[in-house]
Enquirer: 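One structure coming up, written as structure tokens, with questions to follow.
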Protein chains: 2
Amino acid sequence: MANHYDITEYKNPLFTVDSVLFTVKEGALKVLMVKRASEPFAGRWGLPGGFVNVDIDDNVGMTALRKLKEKTSVAPQYLEQLQTYSGVNRDPRGFSVTLVYFALIAEAQVSTHIATVDDAKWIDLNKLTELPVAFDHKFIIEQAKERLKQKALYSMIPVYCLPEHFTVGQFKLVIETILGKPVQRKSIIRRIEAADMFEKVDEKVKSGGRLAQLYKVKPDVDIVNFERNLSV
Amino acid sequence: MANHYDITEYKNPLFTVDSVLFTVKEGALKVLMVKRASEPFAGRWGLPGGFVNVDIDDNVGMTALRKLKEKTSVAPQYLEQLQTYSGVNRDPRGFSVTLVYFALIAEAQVSTHIATVDDAKWIDLNKLTELPVAFDHKFIIEQAKERLKQKALYSMIPVYCLPEHFTVGQFKLVIETILGKPVQRKSIIRRIEAADMFEKVDEKVKSGGRLAQLYKVKPDVDIVNFERNLSV
DNA sequence: TAAGTTAATGTCTTAATGACACAATAAATC
DNA sequence: GATTTATTGTGTCATTAAGACATTAACTTA
């Protein structure tokens with residue numbers, strides 16, 4: 001009766017944690033992919049992730065961060081759970097479950113480190129079809145992209161793809177890259193005002209025309225969500 | 001090298017699937033709770049759920065459905081993933097991960113069956129504080145409730161708490177119960193029109209005054225999301 | 001028949017975004 | 001140095017969907 005809840009009576013499914021880390025680079029939406037060194041799918045490209053180490057990870061969010069840091073050397077600026085994917089056929093080792101995180105980072109923060117390793121690469125989302133991808137990761141990335149597009153319509157999270165100081169023009173470009181459609185500059189400006197989560201930096205920057213005002217995120221503010229989507 | 005990916009080299013965390021099943025009953029938002037027969041937390045109330053059975057579950061969604069059916073005898077009308085909760089301290093057996101689903105059902109569909117079993121009960125969300133609850137399930141239910149409230153602002157999912165045929169007045173009441181605030185009948189009607197996912201039933205029903213038009217969900221339509229939240 | 005109740009409609013107001021003209025400011029060109 | 005061009009930022013009207021609330025409709029009960 002004491003071991004009525006003995007866990008060994010259950011075949012526990014294989015549990016992993018993966019992350020879809022997006023950035024905007026060279027005017028395109030990119031996702032971080034890792035060349036798999038071991039089976040299954042050795043040699044193919046997959047999402048950064050792996051098994052939980054119950055001795056050092058306090059929770060599965062730490063697993064995601066730890067695995068991302070191995071590849072990028074820094075923590076992403078934004079991290080949230082996307083979804084869990086499971087099934088008996090998605091991994092040749094048997095029934096598997098993967099919890100997928102969804103993350104954003106400014107390209108400038110990681111470019112140097114990524115460039116030094118050859119098993120991690122930014123993949124243009126439009127060129128994903130050409131890449132040999134492991135598991136169901138191509139499908140997962142598509143779903144993550146949809147989530148990102150949806151969130152970009154009502155939330156300020158795209159700012160996490162920008163450097164510390166940024167202009168309205170850069171913000172606009174990031175949003176347009178994510179959505180794949182042009183948006184009104186005026187709409188961005190209005191939301192920057194309304195969100196009250198940014199402050200002007202006492203500095204302007206060249207941009208080919210009139211000098212552009214720099215902004216930065218106020219310390220310790222939460223991301224603001226709006227009641228209404230951009231309709232584009 | 002063949003067993004380089006032998007899964008036994010990892011201490012796999014304990015993985016379970018739980019569900020927060022909501023309904024609206026007697027003008028209040030209720031959640032289905034189950035009295036735990038076994039340790040840990042035997043005797044306390046917890047969310048319906050359990051371990052994956054890799055032999056009969058094709059994926060973890062099936063696990064959630066299977067466990068819910070054990071308690072309600074039917075499948076919920078709406079089911080989506082809420083989030084995964086994990087940590088080394090949330091279960092005395094060790095590092096644990098639970099994937100929590102979020103589900104809705106019409107009370108009429110399950111009332112008779114629930115009444116016959118004594119280990120499952122609808123708990124009024126306002127009386128949750130008084131109940132001895134297992135694990136971090138109280139916290140999880142609060143998060144699920146927030147998700148439901150948020151979705152009720154821009155989506156038609158509250159309809160899944162209604163019987164097959166329903167009136168605008170019933171729909172309004174369900175939404176108001178979820179949100180805890182009054183909404184404009186006119187707004188509901190406008191959205192019912194705009195969503196184009198309902199059709200009028202050729203029948204009206206008494207309601208104390210003028211007869212109320214009955215509606216039902218059109219076959220094979222998806223839930224409609226609106227671009228804008230109700231602001232209430 | 002009148003009063004009360006709930007349903008449905010009509011319509012004015014409000015709020016946030018779209019669209020776009022226009023002004024400001026800097027670089028490049030003549 | 002004036003002119004053109006590019007980009008930033010502002011002003012303003014149009015559009016859209018929701019809020020507020022009065023009005024009408026249809027049924028019940030006293």
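No hydrogens, no waters, no symmetry mates; every other heavy atom, side chains included, goes into these values. Chain letters run A, B, ... following the sequence lines, proteins first and then strands; every chain starts at 1.
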Enquirer: Side-chain donor or acceptor of A:K186 under 3.5 Å from a matching atom on the base of D:dG11?
Expert: yes
Enquirer: May I ask you to decide if B:N126's main-chain N or O and B:D124's side chain share a donor-acceptor pair within less than 3.5 Å?
Expert: yes
Enquirer: Could you tell me how far apart B:L214 (CG) and C:dA7 (P) are, to the nearest whole angstrom?
Expert: 12 Å
Enquirer: Grab the CD-C1' distance between A:Q170 and D:dT7 for me, whole Å please.
Expert: 13 Å
Enquirer: One thing to verify: whether B:E142 and B:K138 come together as a salt bridge, which I'm taking to mean a side-chain N less than 4.0 angstrom from a carboxylate O.
Expert: no
Enquirer: Which nucleotide in the list D:dT10, D:dA17, C:dT17 gets nearest to the side chain of A:F226?
Expert: C:dT17
Enquirer: Out of D:dG9, C:dA7, C:dT17, which nucleotide sits closest to the side chain of A:R185?
Expert: D:dG9
Enquirer: Would you mind telling me which of D:dA20, C:dA8, C:dA7 lies closest to the side-chain atoms of B:V168?
Expert: C:dA8
Enquirer: May I ask you to say whether A:D119 pairs ionically with A:K71, meaning some side-chain N is under 4.0 Å from a carboxylate O?
Expert: yes
Enquirer: Does one side chain, of B:D18 or B:T98, offer a donor that lies under 3.5 Å from an acceptor on the other?
Expert: yes
Enquirer: D:dA18 base to B:R228 side chain: any donor-acceptor pair below 3.5 Å?
Expert: no
Enquirer: Starting from P on D:dA17, measure out to CG on A:L230 and report it in whole angstrom.
Expert: 15 Å
Enquirer: Which word best sums up how the rings of B:Y78 and B:Y160 line up, parallel for under 30°, tilted for 30 to 60°, or perpendicular for over 60°?
Expert: parallel
Enquirer: Going by distance alone, is a donor N or O of one side chain under 3.5 Å from an acceptor N or O of the other, for A:Q143 and A:Y85?
Expert: yes
Enquirer: Taking atom NZ as the centre, does A:K218 end up with more than 12 heavy-atom neighbours from other residues, nucleotides or ligands that are less than 6.0 angstrom away?
Expert: yes
Enquirer: More than 12 heavy atoms of other residues, nucleotides or ligands under 6.0 Å from NZ of B:K35: yes or no?
Expert: no
Enquirer: Identify the pairs formed between an N or O of the protein and an N or O of nucleotides 25-30 of chain C at a distance under 3.5 Å, and give each distance.
Expert:
unit_1, atom_1, unit_2, atom_2, d
C:dT25, O2, A:R210, N, 3.1

Enquirer: Do any of residues 188-195 of chain B sit with a heavy atom less than 4.0 Å from DNA chain D, and if so which?
Expert: B:R190, B:R191
Enquirer: Figure out the OH/P separation between B:Y215 and C:dA8, and round it to whole Å.
Expert: 6 Å
Enquirer: Any ion pair linking A:E80 and A:K151 (charged N to carboxylate O, less than 4.0 Å)?
Expert: yes
